[in-house]
Amino acid sequence: MIKIIISYRRSDSDVFAGRLRDRIAGNFGEESVFIDVDSIPFGKDFRVHIQEAMAKADAILVVVGPRWLGGGKGGHSRIKDDTDPVRIEVETALIKGIPTIPILVGQTNMPKPEQLPESLRSFAFINAAPVDTGRDFHRDLSRVIATINTILERPTDADNEREEAEKQRGEEPRLRNEAEVKRRAEEEALPRLQPVEPRPTGRQSILTPVILSLIGVAITGAIILSAFVFTPLTPISPPKPVAQPVPVLPKPPAVTLSPVPFAPTPGANSVLSLETEQALKPKATFKECGNCPEMIVVPAGSFTMGAPANEPGRGADEGPQHAVTFARQFAVGKFALTFDEWEACVADGGCNGHNPSDQGWGRGRRPVINLSWDDTKAYVAWLSKKTGKTYRLLSEAEREYVTRAGTTTPFWWGNSISTTQANYDGSHTYGNGLKGEFRGRTVPVDMFEPNRWGLYQVHGNVWDWTEDCYHPSYQGAPADGSAWTGSDCNHHVVRGGSWHAYPDGLRSASRNNGIVPTNGPDVLGFRVARTLLAP
C-alpha cells in the first residue's frame, strides 16, 4: 500500500492542505494519504502515531507557507521545539531517508538554514515545488504527482502515451523500470486459463475433470491475489473524549471606545426606511426579509489592527500593527450565514442554484459550508437586489474590529481558550487553557456566548471569507478599514478559525492566506456586512 504523508501547520496552510489531500487521494487512493486530522485516533500519543506512519511512508509532502516556522512562546519558532509535530515529521523523514518534497504555497520561500534546528538544516537545501493556489493549482500539482510517480516508480502519463504508440506500431512495449519488470514477471507467473466452450448437459463431458481442475487453480490464484492486494483495514473507533476541567478566565478588559446609547430593534422582517436606518444605534438588530440574515449595528471607532510581537502564535503576516479608524457605523451578520438562509436564496432563484454539501453534519442553523468566494459574492448580490440595500462581505479590518469588540487580548474574553467557548481542535491548547474535545464538525451558529457587541462565534466553527486580497504584511494597508484589493486577487483572506483549526488559529489577529476563489472546503463559511446611511 502506497503511503504519502502530508505534513503541514494548521495555522499556516489549513485549507490548502485539505485541497492537496483531496488531489493526492484522487490519484493514489483514499487509503494512501496520511494527514493528521484524518489519521490520528483519539487518545493516542501523536508522536508514536507519527513514527508508525513514517515507518510505512513512501514519500512526504511538506507544505510550507509564510507561517510554517510557527510563532511559539517568547517569540521562538515552534519548529525549534522538539515536540512540535511538524518538526517530528520532517526530522524523521530526513533520518530515515524518506523522499521529501517541500510544497511552497503561493509566493513563500524556503526557510534559511539558520532558521532551523540542527537536525533540519538539510531541509533548507531540498529543491522545492512552488504551487500556485490560484488558476495554476492543478497544473502545479500535476508536476508534483509526476515527481511522486517517479519516486514510486509508477508509470507517468508520458509512459502510458509512449506505450500506446508502441502497441499501435506493433512493437513490443519497453519496460519502464525495475518495478515494472518485477510486476510483469509476477503477471507472467500467474496461471493462464483458456476459455472452455460450454458442453450440452445430460451427460458428463470427458473434459469435466480438466475444467474443474482449472477452475480450482483460478479460485486459488484469486484468493492469493486478493489477500496480496486487498488487505482489509480495521476501522478504529475513537474513544469518547474525557471531560476536562475548564479554567476560570479573567474578565475581559473594558472596551476603550466611548459608550453609545442602545436603540430598540426596528420592526422585524421589513426593509428599513431611510429615517429608521439613519436613527440606528449600536447593538440595534434588524432583518430585512423573513429569511434574511439577522444584522447587528456596530459602532464607529478606532482600533489597533494586528498582533503584538510577543503574542504567542503570532505570524509574520500579522504585522506591523497599525491604527484603523471607521468613520461610520455599519451592520454585520449576528451569526455566520446558515444553511436555512442560503437555501432561501436558492429557492428564490439566486446563488446560481448551488446546493452545497453539509458533510452529513446537518443543515438548518448550522453554518453553510463548502462555498467558494465566488459563491459568497453571488449571495450578497442576491440579497442586495432583494432588499435594495448594499450588502457585501466584510473587509479584513472590519472582521478583526468586530471580533475584538474593543478588546486587545488574543480572544475577546481574554488570553486563553477552552472548548466551552468555541469550536476548534481541543486536543491542543493555547496560553493557560486546558485540553478539551475535538468535535470534528460544525455546530449550530448560536452555540456559545456572543461577544460584547452581540456577535456569535467570531472565534472558531468556520473561517469567514473576506473581501480582501491577501498581502504578506500590513505595510501599506488602508487606514480607513476598507477592503485591500490588488492586482492579484486569486488569493483572499479568511478570518476567525474553524472546527478543524488549532486554538492559535482562532486568535483575533490570526489570518489564513492563499485561498482560491473557486475553492470551498468544509471549514469555510461567511457572514455578511451592510453599509448604513449616515445620520
Side-chain angles (χ1 to χ4, degrees), residues 15-16 18-19 22-23 26 132-139 269 271 287-295 331-396 398-399 441-442 444-445 461-470 483 485-486 488-496 498 512 514-531:
V15 179
F16 175 84
R19 296 188 70 208
D22 292 343
R23 180 65 189 275
D132 182 81
T133 54
R135 61 177 64 91
D136 293 328
F137 173 81
H138 293 291
R139 181 204 66 185
N269 306 339
V271 176
K287 288 179 65 173
E288 297 191 278
C289 67
N291 289 310
C292 289
E294 184 176 2
M295 308 299 291
V332 180
K334 190 174 184 178
F335 310 97
L337 198 82
T338 66
F339 269 102
D340 280 346
E341 291 157 350
W342 178 267
E343 288 165 357
C345 171
V346 174
D348 196 42
C351 294
N352 300 320
H354 177 47
N355 184 30
S357 169
D358 65 0
Q359 304 297 117
W361 302 337
R363 303 174 83 82
R365 292 289 288 167
R366 289 180 186 266
V368 62
I369 52 176
N370 291 311
L371 296 179
S372 70
W373 187 83
D374 293 335
D375 292 331
T376 68
K377 297 292 284 185
Y379 178 85
V380 295
W382 167 81
L383 188 56
S384 297
K385 181 178 179 181
K386 184 174 184 65
T387 62
K389 303 294 184 176
T390 305
Y391 282 87
R392 55 183 174 77
L393 295 180
L394 281 79
S395 71
E396 185 182 8
E398 288 174 333
R399 184 57 172 79
R441 60 184 60 200
T442 60
V445 296
N461 211 22
V462 288
W463 293 95
D464 283 347
W465 284 107
T466 71
E467 185 70 30
D468 294 52
C469 305
Y470 177 75
T485 56
D488 177 14
C489 263
N490 285 327
H491 311 81
H492 286 267
V493 181
V494 294
R495 283 298 200 115
S498 76
N512 210 324
I515 310 304
V516 187
T518 54
N519 176 45
D522 56 16
V523 295
L524 288 179
F526 72 109
R527 67 179 74 212
V528 298
R530 160 90 143 77
T531 301

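Every heavy atom of this structure was used, including side-chain atoms; hydrogens, water molecules and symmetry mates were not.
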If you apply the rule side chain to side chain contact (heavy atoms under 4.5 Å, CB included), what do you find for Val528 with Met295, and how did you get there?
CA-CA 8 Å; Val528 298; Met295 308 299 291; 3.7 Å; yes

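For the residue pair Cys289 and Lys386, the shortest heavy atom distance occurs at SG-CE, 3.9 Å. Shortest non-hydrogen contact noted between Val368 and Phe526 is CG1-CE2, 4.2 Å. The two residues Val462 and Ala336 have their closest heavy-atom pair at CG2-CB, 4.3 Å. Between Gly486 and Cys469, the closest heavy-atom pair is N-SG, 3.6 Å. For Val380 against Leu393, the heavy-atom pair with the smallest separation is CG1-N, 4.2 Å. Closest of all the heavy-atom pairs between Leu371 and Pro356 is CD2-CG, 3.8 Å.
At distances below 3.5 Å, at least one donor-acceptor pair connects side-chain atoms of His492 with backbone N or O atoms of Asp468. Formation of a donor-acceptor pair under 3.5 Å by the Arg527 side chain with backbone atoms of Gly333 is found in this model. With Trp373 contributing its side chain and Thr466 its backbone, the two residues share a donor-acceptor pair below 3.5 Å. Using a distance-only test at 3.5 Å, with no hydrogens or angles considered, no donor-acceptor pair links the side chain of Thr442 to the main chain of Asn461. Judged purely by atom type and a 3.5 angstrom limit, Asn291 has no side-chain atom pairing as donor or acceptor with the backbone of Ala344.
Distance check: Leu524 CG to Ser372 OG gives 9.5 Å after rounding to the nearest 0.5 Å. The NE2 atom of His354 sits 11.0 Å away from the SG atom of Cys345 when rounded to the nearest 0.5 Å. If you take CG on Asp374 and CH2 on Trp465, they are separated by 8.5 Å, rounding to the nearest 0.5 Å. A distance of 8.0 Å separates CG of Asp522 from OG of Ser498, quoted to the nearest 0.5 Å.
Between Lys377 and Glu467, at least one side-chain nitrogen of the basic residue sits less than 4.0 Å from a carboxylate oxygen of the acidic one, meeting the salt-bridge criterion. The existence of a salt bridge linking Asp358 and Arg366 is excluded, since no basic side-chain nitrogen approaches an acidic carboxylate oxygen closer than 4.0 Å. A salt bridge links Arg363 and Glu343; the closest N-O separation between the charged side-chain nitrogens and carboxylate oxygens is under 4.0 Å.
Asn370 and Gln359 share a side-chain donor-acceptor pair at under 3.5 Å.
Using a 4.5 Å heavy-atom cutoff, the side chains of Tyr470 and Asn512 are not in contact. Counting heavy atoms from C-beta outward, Leu394 and Asp464 have side chains that stay 4.5 Å or more apart. Contact annotation: the side chain of Glu341 approaches that of Arg365 to within less than 4.5 Å [non-hydrogen atoms, C-beta and beyond].
Ring pair Trp342/Tyr379 is parallel by interplanar angle, where below 30° counts as parallel and above 60° as perpendicular.
Partner of Arg530 under the salt bridge (Lys or Arg N to Asp or Glu O under 4.0 Å) criterion, chosen from Glu294, Glu398, Glu288: Glu288.
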